[in-house]
4 protein chains.
Amino acid sequence: MANTVQPKRRKRVDGELSRERILDAASEIAAERGYEGTSIALVSAKCDLPASSIYWHFKNKDDLIAAVIERSFASWLRAWEVPGDGTARERVQGLAMQIAKALLDSPDFIRLGLMLALERRPIEARARAMFIQARTQTAVALTETLSELTPGLTETQMRQLVTYAIAGADGLFIANEVDDQAVDLIEMFNMHANALYSTAVRLLSENAGQ
Amino acid sequence: MANTVQPKRRKRVDGELSRERILDAASEIAAERGYEGTSIALVSAKCDLPASSIYWHFKNKDDLIAAVIERSFASWLRAWEVPGDGTARERVQGLAMQIAKALLDSPDFIRLGLMLALERRPIEARARAMFIQARTQTAVALTETLSELTPGLTETQMRQLVTYAIAGADGLFIANEVDDQAVDLIEMFNMHANALYSTAVRLLSENAGQ
Amino acid sequence: MANTVQPKRRKRVDGELSRERILDAASEIAAERGYEGTSIALVSAKCDLPASSIYWHFKNKDDLIAAVIERSFASWLRAWEVPGDGTARERVQGLAMQIAKALLDSPDFIRLGLMLALERRPIEARARAMFIQARTQTAVALTETLSELTPGLTETQMRQLVTYAIAGADGLFIANEVDDQAVDLIEMFNMHANALYSTAVRLLSENAGQ
Amino acid sequence: MANTVQPKRRKRVDGELSRERILDAASEIAAERGYEGTSIALVSAKCDLPASSIYWHFKNKDDLIAAVIERSFASWLRAWEVPGDGTARERVQGLAMQIAKALLDSPDFIRLGLMLALERRPIEARARAMFIQARTQTAVALTETLSELTPGLTETQMRQLVTYAIAGADGLFIANEVDDQAVDLIEMFNMHANALYSTAVRLLSENAGQ
DNA sequence: TATGAATGAGACTTCATTCAT
DNA sequence: AATGAATGAAGTCTCATTCAT
């Protein structure tokens, strides 16, 4: 009669599980409605735990949203990696493709993050700080990759190129959000990759000219 | 006809003035905190008029925010116009410069608009619709201008180019918002203009190649 | 058909009336249960106005309790006045009688005030400050009166005498609260008056002896 | 018998220690914020034990506060004892000194107790009852002592004198709480002792006069 | 052309307490 | 001898909005 079911330690394990359920619910709502639009009552209803239980797992709403950002940033970082072969232009295009797909796969991170970035309420939310930190990390990773693909740029030029690369991605993401029928995101990211490559080439030629 | 006192128009004028004060306050707050973060009480405190007076001038909160968008869009449209001379590349650069400066001068329109665009709350707000309409108008104007500057593109290519142009502008605006010290917006818009021009040239050469 | 009923401007007048109703309810509850025990819901139920209406009249709970203190202090001050004739001892006794009766008539001020005075929560409540200020005013008034009745005391002695006078009153009030059947407050205040007078005489004789 | 390890008593000892830590934390908080202001969460944070552990040691919040009163009353009683020699006036003064010092040494008992005594919430708390019982015990002890020091008073006079003695002590304690810089508690208790003695003498002479 | 007063709903958060482990 | 997790009730306060004047 070997009892294979082991309901022991359920509560202990359920703690982590509950936390995850709360984060799932909060992610979904926050991506839809932003910081202020995400009410604890809404999250509570969606994850089917009383509001007071949410406060067992998170200090307050800010803490909760920050945890949402943290978790979704991790999964976003996992989603893209540098392609290893082909010409420089092809590899830049390949990278852009990765990012485009990551954006389409898990848009919550960017959507919520951009909303937080745009908000400027007097008391800086921890959640906002967390997004900006995540974005800085992205910029560092991108700098490394582009440095390898298009060597010879000055530090300033590199920084500008990375800023422009990220800006284009953000902007295209928004364009897709505003009217997802009119925009072929993959196609547009391809155009962005080409533009980036052309820009790099132009900058290099300027360096040579001087 | 020397009667300088005009008590008849007095009330009307005061009314307009109050309306303007409300819009000023609402603009500032909405640009800082988004739709949900803009409470009537906050607006009331900032413009020093009772909340009930706001409801005399505007049907409800949605109507107020929509009016904010409407007014700031008008001033934004007024701020840029196509430069008339020079080479095509120079004129694209000139246009980019206009837009960059308009963004720096009255950033509220874009900031609030982007926030609204990113939000996806179930019931579409009139304010969001108004921003998207304003943006469509911008796209139309941009299409006209770019058609003139880089003729020969197919309609699809043109639409893509305009989408990319706007996306870049949005993205650079956000980059500037996130860290306004690290980004020289004018410089970056110049880079964007060059990238746009290069893209147009590439597309044209592809057309010729086919 | 001269209509003598004038329901006009009712709402405007009701504002003051509502404020008074709220203060009445809050006074009663706060005197019974102290600062923390006075919940807005309780006050709301007792004055039959929704909680949100209380916030129209008072900024927050602290503001409300402070207003309670303020109002009850005013009525308390009105309740006692210095008796004008008789020997010094008789006049001190007469004054004590006034205060004893004032305490019995409107005990809320003292009860709530003492509770606030005893509390030492980190963030000082405005209500507590208000009580302490009221009490200082009482001390000043008492100093004037006693100076006239028992002249010749040094400033330090006077201050001590006043402190002792108030302390005795506070203590007797508490004794009456703890067990109002065992204590005849009037009788006890008479004893207090005699003790005060004896103390003054003793101090004066010490002064003379030096 | 050289076994120095005693794991059997270990749990018991730890338990007592936890209980003590909880009581320490609760005492401090309750003396600062009163009954309602003392939340289990606050106590839990201060003693660094989970809230559920507090409920292992105490039935509920009321039980906890009652235990606080009980413990602090014991230490308070331990702190004063009747001086054995000198004139009656000197011995009364000596006793007053003891009490003044006990008040300064462990003020928590009185502060919390007075707060409870002043509160009149509908459902009598066990904690309040415990304080009143403690206070009755003090009155009995004081009656014994004063009977010995000033014999010849009627029972009623004695009860009044004891009531007045305690009232003065309470009042002076409060004066010291409200503004501890302006009040020299030792000096004031000396004044109180003299006043008590004078009162006793006056009462005795009245008895003789009748 | 306003506005003082009010209000029900809902915001975030803490409360005292329980229970399975 | 504890404790992680949960929970319904209640806490203070703000919300958008209405209405009589």
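Just so it is clear: chains get the letters A, B, ... in the order the sequence lines come, proteins before strands, and each one is counted from 1.
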Scoring nucleotides 9-14 of chain E by protein non-hydrogen atoms under 4.0 Å (B base, S sugar-phosphate only, - none) yields --SSBB
Under 3.5 Å, is there an N or O donor on one side and an acceptor on the other linking the side chain of B:Trp56 and the base of E:dA2?
->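 Check passes, donor-acceptor contact within cut-off.
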Can you see which heavy atom on D:Asn60 is nearest to which on D:Tyr55, and at what distance?
->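 Minimum heavy-atom contact is CA-CE2, 3.8 Å.
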Residue pair A:Ile22 / A:His57: nearest heavy atoms and the distance that separates them |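 Scanning both residues completely, I find the closest heavy atoms to be CD1-CD2, 3.7 Å.
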Heavy-atom distance under 4.5 Å between the side chains of A:Phe131 and A:Phe109, does that happen here?
->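 In contact.
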With the side chain counted from C-beta on, respond yes when B:Val68 and B:Asp108 share a heavy-atom pair under 4.5 Å apart, and no when they do not.
->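 The answer is no, as the side chains (C-beta and beyond) never meet within the 4.5 Å cut-off.
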Separation of [X] atom [atom1] from [N] atom [atom2], in whole Å?
X       : N      : atom1 : atom2 : value
D:His57 : F:dA1  : NE2   : P     : 8 Å
D:Glu16 : F:dA1  : CD    : P     : 9 Å
C:Leu64 : F:dT12 : CG    : P     : 10 Å
D:Glu20 : F:dA1  : CD    : C1'   : 16 Å
C:Ile29 : F:dA10 : CD1   : C1'   : 15 Å
B:Ile22 : E:dT1  : CD1   : P     : 13 Å
D:Ile54 : E:dA16 : CD1   : P     : 10 Å
D:Phe58 : F:dA2  : CZ    : P     : 12 Å

Would you say F:dA2 has OP1 or OP2 under 4.0 Å from some side-chain N or O of D:Ser18?
->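 Looking at the OP1 and OP2 atoms of F:dA2, one of them is under 4.0 Å from a side-chain N or O of D:Ser18.
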D:Leu23 CG to D:Glu70 CD distance, which is reported to the nearest 0.5 Å |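 Rounded to the nearest 0.5 Å, the CG-CD separation comes out at 9.5 Å.
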Nearest-0.5 Å distance that lies between atom CG in A:Asp14 and atom CZ in A:Arg21 =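 So the CG of A:Asp14 and the CZ of A:Arg21 are separated by 8.0 Å.
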Find the runs of at least 3 consecutive base pairs, i with j, i+1 with j-1 and so on, that include DNA chain E, using Watson-Crick or G-U wobble geometry with both distances under 3.5 Å.
->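 For DNA chain E the paired stretches long enough to count as stems (3 pairs minimum) are E:2-21 with F:2-21.
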Of the listed nucleotides F:dA6, E:dG8, F:dG4, the one nearest the side chain of A:Asp14 |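 My answer, after comparing the listed nucleotides, is F:dA6.
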From the list E:dA2, E:dT3, F:dA6, which nucleotide is the closest neighbour of the side chain of A:Ser53?
->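 Side chain of A:Ser53 sits closest to F:dA6.
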Show your reasoning for whether side-chain contact (heavy atoms from CB on, under 4.5 Å) applies to C:Arg120 and D:Arg111.
-> CA-CA 10 Å; C:Arg120 297 204 146 181; D:Arg111 189 166 339 115; 4.0 Å; yes
N-O pairing of B:Arg71 and B:Asp24 below 4.0 Å =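 Looking at B:Arg71 and B:Asp24, the cut-off is met.
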Per-pair distances, 0.1 Å, donor-acceptor, side chain in residues 28-44 of chain D, under 3.5 Å, sequence neighbours excluded:
residue: D:Glu28; atom: OE2; partner: D:Lys46; partner atom: NZ; Å: 3.2
residue: D:Tyr35; atom: OH; partner: D:Asp62; partner atom: OD1; Å: 3.3
residue: D:Glu36; atom: OE2; partner: D:Arg121; partner atom: NE; Å: 3.3
residue: D:Thr38; atom: OG1; partner: D:Gly34; partner atom: O; Å: 2.6
residue: D:Ser39; atom: OG; partner: D:Leu42; partner atom: N; Å: 3.1
residue: D:Ser44; atom: OG; partner: D:Leu49; partner atom: O; Å: 2.7

